[in-house]
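Shown next, in structure tokens, is the structure this report addresses.
This structure is a prediction, so every number in the text was calculated from the model and none was measured.
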Amino acid sequence: MKTIKIIKDIKDINFIKFIKLIKIIKLITLTAKIIAVCVVAYAFSPVNLIPDFIPVVGYLDDLLLVPLGVYLTLRLFPSEVLEGYRAQAEERRKARKPKNWFTGALIIGLWLALALWACLYLYHRFFG
């Protein structure tokens, strides 16, 4: 019987989250939704307006268009939606700070191994 109650509670929580999401979605205009989807699609798309192999100018579109699109999207979102998400993010940050010591140690180890390899290579190249 307890498992049925737990399942019912989970369904109720998911339904409440779904209702909140629908309310948030109704607050956001269609224009803001379209611009947000276009910005995310452009940011993750391998296709650019100016190809990246063109020196300097190829990366200029990524440096200008993506931040401009994010800024425009945030300006079009209602302030109450943004404040709600900022408050949630702050609560999560205060509740627990994610720590991934293994990944950090792996990255530091890779950099140290690369530095050691470079030192040994240069030593053998010039002194060995």
- Same cluster (ILVMFWY, side-chain, under 4.5 Å), Leu72 and Val39: yes

- Message: Distance check, rounded to the nearest 0.5 Å: Cys119 atom SG versus His124 atom NE2?
- Response: 11.0 Å

- Nearest heavy atoms of Ala32 and Thr73, plus distance in Å: O-CG2, 4.3 Å

- Measure the CH2-CG distance between Trp101 and Leu106 for me, rounded to the nearest 0.5 Å. 14.5 Å

- Item | Over all atoms of both residues, closest heavy-atom pair of Pro78 and Ile28 | CD-CG1, 4.1 Å

- Query: Looking at CZ of Phe77 and OG1 of Thr29, how far apart are the two atoms once the value is rounded to the nearest 0.5 Å?
  - Reply: 8.0 Å

- Rounded to the nearest 0.5 Å, what's the gap from CZ on Phe102 to CD1 on Ile107? Could you check? 10.5 Å

- Message: Under 4.5 Å between side-chain heavy atoms, counting indirect links through other Ile/Leu/Val/Met/Phe/Trp/Tyr residues: same cluster for Val70 and Leu82 or not?
- Response: yes

- Report yes if the side chains of Leu114 and Leu110 come closer than 4.5 Å at any heavy-atom pair, otherwise no. no

- Shared ILVMFWY cluster between Leu74 and Ile35, side chains joined below 4.5 angstrom? yes

- Looking at CG of Leu76 and CD1 of Ile34, how far apart are the two atoms once the value is rounded to the nearest 0.5 Å? 11.0 Å

- Task: Indicate yes or no: does Glu91 engage Lys94 in a salt bridge with an N to O separation below 4.0 Å.
- Result: no

- So Trp117 and Tyr121, would you call those rings parallel, tilted or perpendicular, with 30° and 60° as cut-offs? parallel

